[in-house]
Trainee: 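Below: one structure in structure tokens.
Heads up: numbering here begins at 1 and tracks the sequence.
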Amino acid sequence: MRVLVVEDFEILARAVRSGLRREGMAVDVAPDGDDALARLAATRYDVVVLDRDLPGTHGDDVCRRIVATCPASRVLMLTASSTVRDRVDGLGLGADDYLTKPFDFAELVARVRALARRPTALVPPVLEHGDLTLDPGRRVASRAGRRLDLSPKELALLECLLAAAGRPVPAEELLERVWDEAADPFTTAVKTTVRRLRAKLGDPPVVHTVREGGYRIGEH
């Protein structure tokens, strides 16, 4: 999934970014509200981890803009205040969830994953194609009943392809959804990861190359 962390405290922002990347997520960081809005205008994020007390454009205003212009993005609002009134106000702005500082990182990860599984369109909790299944919540994939030993990037790539339900997914889209802004746009990361994924999925082949169209699960 693609996550935007909006946090002006640099040490915390770097720690959250590093931790979420270790969990297999593609993560960008914005230090203030203005930068966050610019990034949101250019990139679709699954989840925005949003500090409420931001310099410049306040987190409340950023949240309102996300709700108005990025309905597919879920908002996890962070704040140092733990009062019920503040939580109610934050959720009233349109935030999908609310977490007070200091927080346990495992809880942050769980909440981000839960929000990412709450899509705008109805998507089955387990993605399937033939004998291939993927449970995004548990991060478990199997084929013909055999559990697959996939890396976080391979799991994320497989999730993107299965969720596309046969639609060809361009390499550029996969790079944007599975990696993040740190990825070189000329990198061979997509091709290399697809090759490793194919080898682990085994035969018969299930990931197919579409000429000038990227990759898809299934031949048709």
Side-chain angles (χ1 to χ4, degrees), residues 1-5 16-28 43-47 49 72 74 76 105-119 121-210 213-220:
M1 72 186 75
R2 190 77 181 262
V3 179
L4 176 63
V5 176
V16 172
R17 178 181 61 190
S18 298
L20 293 180
R21 283 179 175 174
R22 285 196 299 270
E23 294 292 325
M25 304 179 198
V27 187
D28 299 330
T43 304
R44 182 172 69 87
Y45 292 96
D46 299 293
V47 179
V49 180
R74 302 303 185 185
L76 171 58
F105 185 73
E107 182 178 6
L108 174 67
V109 171
R111 287 174 182 262
V112 169
R113 289 203 186 282
L115 289 178
R117 292 197 301 270
R118 197 190 301 172
L122 185 61
V123 175
V126 176
L127 300 169
E128 298 179 313
H129 177 82
D131 61 356
L132 176 62
T133 64
L134 169 64
D135 184 336
R138 295 173 53 227
R139 312 301 295 163
V140 173
S142 62
R143 188 169 192 192
R146 177 179 62 87
R147 182 164 176 167
L148 302 170
D149 182 19
L150 303 183
S151 72
K153 290 300 183 192
E154 291 161 357
L155 278 167
L157 187 69
L158 180 60
E159 182 177 354
C160 282
L161 293 174
L162 283 171
R167 173 182 67 85
V169 184
E172 295 81 5
E173 182 178 338
L174 291 171
L175 188 65
E176 177 180 321
R177 303 300 301 159
V178 178
W179 283 264
D180 50 45
E181 65 182 5
D184 181 349
F186 300 104
T187 184
T188 60
V190 174
K191 183 181 295 185
T192 301
T193 306
V194 167
R195 184 171 63 248
R196 291 201 308 263
L197 179 61
R198 281 172 168 157
K200 292 182 179 182
L201 292 176
D203 293 321
V206 67
V207 178
H208 298 276
T209 302
V210 180
Y215 304 92
R216 71 178 167 203
I217 296 287
E219 296 187 71
H220 302 290

Trainee: Report, as yes or no, whether the 6.0 Å neighbourhood of atom NZ on K200 holds more than 12 heavy atoms from other residues, nucleotides or ligands.
Mentor: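 Count over threshold, so yes.
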Trainee: Please answer whether the main-chain N or O of V178 pairs with a side-chain N or O of R2 as donor and acceptor at a distance below 3.5 Å.
Mentor: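 Absent.
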Trainee: Could I get the full list of salt bridge (charged side-chain N to carboxylate O under 4.0 Å, His left out) partners for R139, not counting sequence neighbours?
Mentor: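 In terms of salt bridge (charged side-chain N to carboxylate O under 4.0 Å, His left out), with neighbours along the sequence ignored, R139 is linked to E159.
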Trainee: Can you tell me how far CG of L174 sits from NZ of K191, rounded to the nearest 0.5 angstrom?
Mentor: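 That separation rounds to 13.5 Å.
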Trainee: Working to the nearest 0.5 Å, report the span between CD of E154 and CG of L197.
Mentor: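 Going from CD on E154 over to CG on L197, the span is 6.0 Å.
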Trainee: Under the salt bridge (Lys or Arg N to Asp or Glu O under 4.0 Å) rule, what pairs show up with a residue in residues 106-116, not counting sequence neighbours?
Mentor: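 Matches after skipping sequence neighbours: E23-R113, D97-R111, E107-R111.
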Trainee: So, for L150 and A141, which heavy atoms are closest and what is the spacing to 0.1 Å?
Mentor: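 What the structure gives for the nearest pair is CD1-CB, 3.9 Å.
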Trainee: Minimum heavy-atom separation for G24 and P152, please, with both atom names.
Mentor: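 Shortest heavy-atom separation between G24 and P152 comes out as CA-CB, 3.5 Å.
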Trainee: Measuring from L132:CG to L127:CG, what's the distance to the nearest 0.5 Å?
Mentor: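 Spacing of CG (L132) from CG (L127) equals 9.5 Å.
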Trainee: Is there side-chain contact between V169 and Y215, with heavy atoms separated by less than 4.5 Å?
Mentor: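 Counting from C-beta outward, V169 and Y215 never come under 4.5 Å.
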Trainee: Distance check, rounded to the nearest 0.5 Å: L161 atom CG versus H208 atom NE2?
Mentor: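 Interatomic distance, L161 CG to H208 NE2, rounded to 0.5 Å: 11.0 Å.
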Trainee: Do V5 and Y45 have side-chain heavy atoms sitting under 4.5 Å apart?
Mentor: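 A side-chain contact is absent here, since even the closest heavy-atom pair is not under 4.5 Å.
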Trainee: Tell me, with the steps shown, if H129 and L134 meet side-chain contact (heavy atoms from CB on, under 4.5 Å).
Mentor: CA-CA 9 Å; H129 177 82; L134 169 64; over 6 Å; no
Trainee: Quick check: are there more than 12 heavy atoms from other residues, nucleotides or ligands sitting under 6.0 Å from CZ of R44?
Mentor: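 Counting other residues, nucleotides and ligands, CZ of R44 stays at 12 neighbours or fewer.
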Trainee: Work out which heavy atom in V207 is nearest to a heavy atom in L201; give both atom names and the distance.
Mentor: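 Reported closest heavy-atom pair: CG2-CD1, 3.7 Å.
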Trainee: Heavy atoms only: give me the nearest R21-V27 pair and the separation to one decimal.
Mentor: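 Taking R21 first and V27 second, the nearest heavy atoms are NH2-O, 3.0 Å.
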Trainee: Main chain of M1, side chain of D46: is a donor-acceptor contact present, judged purely on distance under 3.5 Å?
Mentor: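 Flag not set: sc D46 to bb M1 has no pair under 3.5 Å.
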Trainee: How far does CG of L4 sit from OG1 of T43, to the nearest 0.5 angstrom?
Mentor: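 Reported to 0.5 Å precision, the distance equals 8.5 Å.
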Trainee: Where do W179 and V190 come nearest, in terms of heavy atoms and distance?
Mentor: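 Taking W179 first and V190 second, the nearest heavy atoms are CZ3-CG2, 3.8 Å.
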Trainee: Quick one: pull up CD1 in I217 and CG in L162 and give me the separation to the nearest 0.5 Å.
Mentor: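 Going from the CD1 atom of I217 to the CG atom of L162 covers 4.5 Å.
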Trainee: With sequence neighbours excluded, tell me which residues meet side chain to side chain contact (heavy atoms under 4.5 Å, CB included) with V140.
Mentor: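 Partners of V140 by the side chain to side chain contact (heavy atoms under 4.5 Å, CB included) criterion, ordered by chain and then number, come out as R138, R147.
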Trainee: Apply salt bridge (charged side-chain N to carboxylate O under 4.0 Å, His left out) to residues R17 and D28 and explain how you reach the verdict.
Mentor: CA-CA 7 Å; R17 178 181 61 190; D28 299 330; over 6 Å; no
Trainee: Does either side chain, that of R198 or that of T209, offer a donor lying less than 3.5 Å from an acceptor on the other one?
Mentor: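 A donor-acceptor contact under 3.5 Å links the two side chains.
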Trainee: When you measure from the side chain of R143 to the backbone of G202, do you find a donor-acceptor pair of N or O atoms at a distance under 3.5 Å?
Mentor: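 Looks like yes, one N/O pair under 3.5 Å.
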Trainee: Which heavy-atom pair separates G166 from R216 by the least distance, and what is that distance?
Mentor: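 Looks like O-CD, 3.2 Å.
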